[in-house]
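Just so it is clear, the model here is predicted, and its values are computed rather than measured. All ligand and atom numbering here is 1-based and tracks the order in the structure.
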Amino acid sequence: QMPQKSTVFVDLSAATMAACGAPYGLISNAAIAVIDGLIDWVGPVADLPESYNSLPKASLGGRLVTPGLIDCHTHIVHGGDRAVEFEMRLNGATYEEVARAGGGIASTVKATRAASEAQLLADALLRVDVLIAEGVTAIEVKSGYGLDTDTELRMLRVARAIMDNRPLIVKTTFLGAHATPSEYAGRADAYIDEVCIPTLRAAHTEGLVDAVDGFCEGIAFQPSQIARVFDVARELGLPVKLHAEQLSNLGGAKLAAQYGALSADHIEYLDQDGVIALANAGTTAVILPGAFYTLRETQAPPIDVLRKHGVPMALATDINPGSSPLNSLLLTLNMGCTLFRMTPEEALRGVTQNAARALGLTDMGTIAAGMRADLAVWDIKHPAELAYRIGFNPLHSRIFSGGIS
Ligand SMILES: O=C(O)CC[C@@H]1NC(=O)NC1=O
Ligand SMILES: [Fe+3]
């Protein structure tokens, strides 16, 4: 864990992302007082209380500061890759031909089951370091490529080990209900009862699970099967989230809302009833343009309806080797705007304040007293530049728990 710092950062503009009237919660000529790794005060430097005069000052050279970025939906731990099936598809192979050749989730399950904890960690850290270089200070990591007890537990242990190796907050999500493994082909209910739920219990006993997720889709699990997993999550006192309405509308978002889910994710096929259910439940919508782009989908999520009903929107890479091998949260910002017409402010809020909300975190995501001092310092003049550029990383430095890292 990085040493916790006490510093007053000056010579900066702060896009606090806090609700304080100005777009982006912007405070020009600001100061941020940090004590023991937590933000103690933020505001115009002219108003800096004298009580902070004894703290060391650090100039940020007039740069723009945002909350550290949060990637709230990732499958960043996994074995192998799916480049060959990417090539097969572009050479005209159908999904069925790819599946028959052993492609799809099954090929990543096979590679993940064969990989050691050390190999999974080494591979994940390569992808994590790319996110850290973009100013990311927290990520969520899902299991779901093991689909057997040993490998699901190994994936979650690797997710926890990331925090021991990098200055990063990692929240883990159990996704045993990601797909039915080949040994249970055609027996999804048996897989849920004999593997998924017992593995969830074992993972929880080992302290490996912060939330529980599922893939509610025709090619994955029905709402009734997801509900059986969510009932156990509720019994264990674990929050839930759900991959819902990605390729069709099975009512997954409504099911998630019934369980007071932290988030409903993808939601390209969400209808107005589903939006209202999310709004009433206080569930965050997680928008995932990487899968929409990679799968060349045509149905965009109902951003305007979500906006109309005040459903908080988060934005994430969904980094996974099959449907979203997208290793850039900055590019995700641009895709959220250009593909789905989110505004640059909504997009930035989607990887800060609302990403924290999608993970049930209350100590990060905005620059405000009491929050972790996890910040990103940018060589830009306006926050909109973060979503505007394509393939350009303007990060100057990253502050984690009050220390430059
Ligand atoms: O193709 C993969 O490996 C994951 C697919 C991915 N998982 C999910 O729940 N939705 C997706 O698009
Ligand atoms: Fe996903």
Side-chain angles (χ1 to χ4, degrees), residues 71-86 88-89 95-96 98-99 101-113 115 123-124 127 139-147 151-152 155 159 171-182 188 196 211-223 225-226 229 240-248 250 252-253 256 261-270 284-297 299 301 314-327 329 332 355 358-359:
D71 195 352
C72 70
H73 181 134
T74 92
H75 307 253
I76 207 162
V77 171
H78 58 262
D81 68 70
R82 305 258 284 281
V84 167
E85 75 179 62
F86 176 73
M88 282 176 69
R89 290 215 311 274
Y95 271 101
E96 290 67 29
V98 166
I105 290 180
S107 86
T108 302
V109 169
K110 186 176 176 197
T112 305
R113 288 179 172 180
D123 289 353
R127 298 184 279 266
I139 65 172
E140 180 255 20
V141 179
K142 303 176 190 292
S143 69
Y145 285 119
L147 308 186
T151 314
E152 287 291 310
M155 290 187 73
K171 303 306 288 182
T172 62
T173 299
F174 176 78
L175 179 58
H178 191 199
T180 302
S182 54
C196 184
V212 178
D213 191 352
F215 186 16
C216 187
E217 192 58 67
I219 56 171
F221 296 98
Q222 293 299 312
Q225 294 165 329
I226 297 292
V229 178
V240 300
K241 51 182 60 247
L242 189 61
H243 288 66
E245 276 72 85
Q246 178 183 0
L247 307 172
S248 65
L250 292 185
L262 291 173
S263 71
D265 301 41
H266 284 290
I267 58 169
E268 279 89 333
Y269 284 81
L270 189 64
T284 300
V286 178
I287 305 302
L288 302 170
F292 173 92
Y293 170 83
T294 303
L295 300 178
R296 305 182 74 236
E297 280 186 52
Q299 172 66 45
L315 195 52
T317 62
D318 190 17
I319 181 169
N320 75 69
S323 69
S324 187
L326 171 60
N327 211 136
L329 198 55
T332 303
L359 298 177

Is the shortest heavy-atom distance from the side chain of Leu288 to the side chain of Glu268 under 4.5 Å?
-> no

Degrees at the Fe ion (ligand 2) between the NE2 atom of His243 and the OD1 atom of Asp318, nearest 10° = 170°

With the Fe ion (ligand 2) at the centre, find the angle made by NE2 from His73 and NE2 from His75, to 10°.
-> 100°

Which of Thr317, Asp71, Ile319 passes side chain to side chain contact (heavy atoms under 4.5 Å, CB included) with Ile76? Answer is Ile319

Per-atom filter on ligand 1: closer than 4.0 angstrom to a heavy atom of Tyr145 are 2 (C), 3 (O), 4 (C)

Polar side chain donor-acceptor pair, Asp318 to His73, under 3.5 angstrom | yes

A student checking ligand 1 against His243 at a 4.0 Å heavy-atom cut-off should list atoms 8 (C), 9 (O), 10 (N)

Is any side-chain heavy atom of Val141 less than 4.5 Å from a side-chain heavy atom of Lys171?
-> no

When you look for heavy atoms under 4.0 Å from ligand 1, do you find them on the side chain of Gln246, its backbone, both, or neither?
-> side chain

Under 4.0 angstrom from ligand 1, any heavy atom of Thr108?
-> no

Do any heavy atoms of Arg82 fall under 4.0 Å from ligand 1?
-> yes

Check the angle between the aromatic planes of His178 and Phe215 and answer parallel, tilted or perpendicular using the 30° and 60° thresholds.
-> tilted

Of Leu175, Leu359, Thr284, which is the lone residue that meets side chain to side chain contact (heavy atoms under 4.5 Å, CB included) with Lys241?
-> Leu359

Protein contact to atom 7 (N) of ligand 1 [nearest heavy atom, distance to 0.1 Å] | His178 NE2, 2.8 Å

Determine the minimum heavy-atom distance between Cys216 and Ile226, stating which atoms define it.
-> CB-CG1, 4.1 Å

Quick look: Ser323 vs ligand 1, heavy-atom contacts under 4.0 Å, and the answer is both

